[in-house]
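The structure appears right after this line, and notes come after that.
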Amino acid sequence: MTREAPPPSALFPSSVRGARLLQERLRGRVRIRPLALQRLRRIGAADVTYIGEKETVGAAVVVVDARTGEVVEERTAVGETLFPYVPGFLSFREGPAILAAWEKLSVRPQVLLFDGHGIAHPRRFGIASHVGVLLNLPSVGCAKSRLVGECAEPGGEKGEWTPLTDAGEVIGAALRTRDRVKPVFVSPGHRADLATSIALVLSLCSRYRLPDPARRAHQLTQELRSGGRSRSEPG
DNA sequence: GCGACAG
DNA sequence: ATCTTGTCGC
């Protein structure tokens, strides 16, 4: 059954605002890319003139059964980026490709886990929050490093964690997912609380620092870069 | 003015 | 994120 999939840009209206913010931030430091300007005009952002290097970005979505850890479905997508990587603006760069991969799924997952932060973000709106809102699904962020906030070093054993705080509020946790291994940073995204977020991440970590689905998704992304056209998606 | 800075 | 050699440990 093929359903008409809207272009990712249509599902990412905030790109317009993001473009404006980036335009200010990168003014004088980035050259204008005409093709991207055309694209922005097509989605109704005629007054936006940002753009960076011509580049493609790959995204992968891995669906697992939360109880068994079994992989249910995997999808990938490649797209041209409208944004360079700028700390705090990750979702504007990777969000559209993620949604493109999401649109290929034949199943409808109930919870989202992201490689990146949720509310542990300067504006409390990291990639997990952003995409979670767009898809209206509970979402959790699991980042390998800190973007904002401070925290104490958690105890050395798996499962131990300390709160990540910023401006007087708890925005996430530094969570030990393996004994004696550098902690990850977990934060709620959309419609999720910290305790549930931590429990979810822990439940998905078998024997590595990162949750199994995150590792698999990263692997798929790598294959996109090296495999190129030698690989095809089922369906 | 100088660091810090998800991926 | 990417580049990139060897090395320590189960």
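Protein chains get the first letters and strands the later ones, always in sequence-line order, with residue 1 at the start of each.
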Report whether A:Leu99 and A:Val107 are members of the same hydrophobic cluster (ILVMFWY, side-chain heavy atoms less than 4.5 Å apart, transitive linking). yes
Quick check: does any side chain N or O of A:Glu73 sit under 3.5 Å from a backbone N or O of A:Ser106, one acting as donor and the other as acceptor? yes
Integer-rounded Å distance: B:dA6 P and A:Leu210 CG: 15 Å
Flag, side chain of A:Arg176 to backbone of A:Gly155, donor-acceptor distance under 3.5 Å: yes
Check this one for me: any side-chain N or O of A:Lys144 less than 4.0 Å away from OP1 or OP2 of B:dG7? yes
Look at the side chain of A:Thr76 and the backbone N and O of A:Ala59, then say whether any donor-acceptor pair between them is shorter than 3.5 Å. no
Expressed as a whole number of angstroms, how long is the span from A:Leu90:CG to B:dA6:P? 9 Å
Provide, to the nearest angstrom, the distance between the CG atom belonging to A:Leu164 and the P atom belonging to B:dA6. 13 Å
Return yes if some donor-acceptor pair links the side-chain N/O of A:Arg209 with the main-chain N/O of A:Thr177 below 3.5 Å, else return no. no
Does any non-hydrogen side-chain atom of A:Leu135 lie less than 4.5 Å from one of A:Leu112? yes
Contact span of DNA chain C against chain A, any nucleotide atom under 4.0 Å from a heavy atom, 5' to 3', runs C:dA1 to C:dT2
Please report the distance, rounded to the nearest Å, between CZ in A:Phe89 and P in B:dA6. 13 Å
Within the structure, does a side-chain N or O atom of A:Ser145 lie under 4.0 Å from either OP1 or OP2 of B:dG7? yes
Counting Watson-Crick and G-U wobble pairs whose two distances are both under 3.5 Å, find the runs of 3 or more in a row that involve DNA chain C. none
Using a 4.0 Å heavy-atom cut-off, does A:Glu150 contact any base of the nucleic acid, only the sugar-phosphate backbone, or nothing at all? nothing
Can you check the A:Ile127 CD1 to B:dG7 P distance for me, whole Å? 10 Å
Measure the distance from CG on A:Asp166 to C1' on B:dC5 and round it to the nearest whole Å. 13 Å
Heavy-atom side-chain proximity of A:Leu137 to A:Val111 below 4.5 angstrom: no
Hey, are the side chains of A:Leu175 and A:Pro154 touching, using non-hydrogen atoms and a 4.5 Å cut-off? no
When you check the phosphate oxygens OP1 and OP2 of B:dA6, does a side-chain N or O of A:Arg146 lie under 4.0 Å from one of them? no
Heavy-atom side-chain proximity of A:Ile127 to A:Val131 below 4.5 angstrom: yes
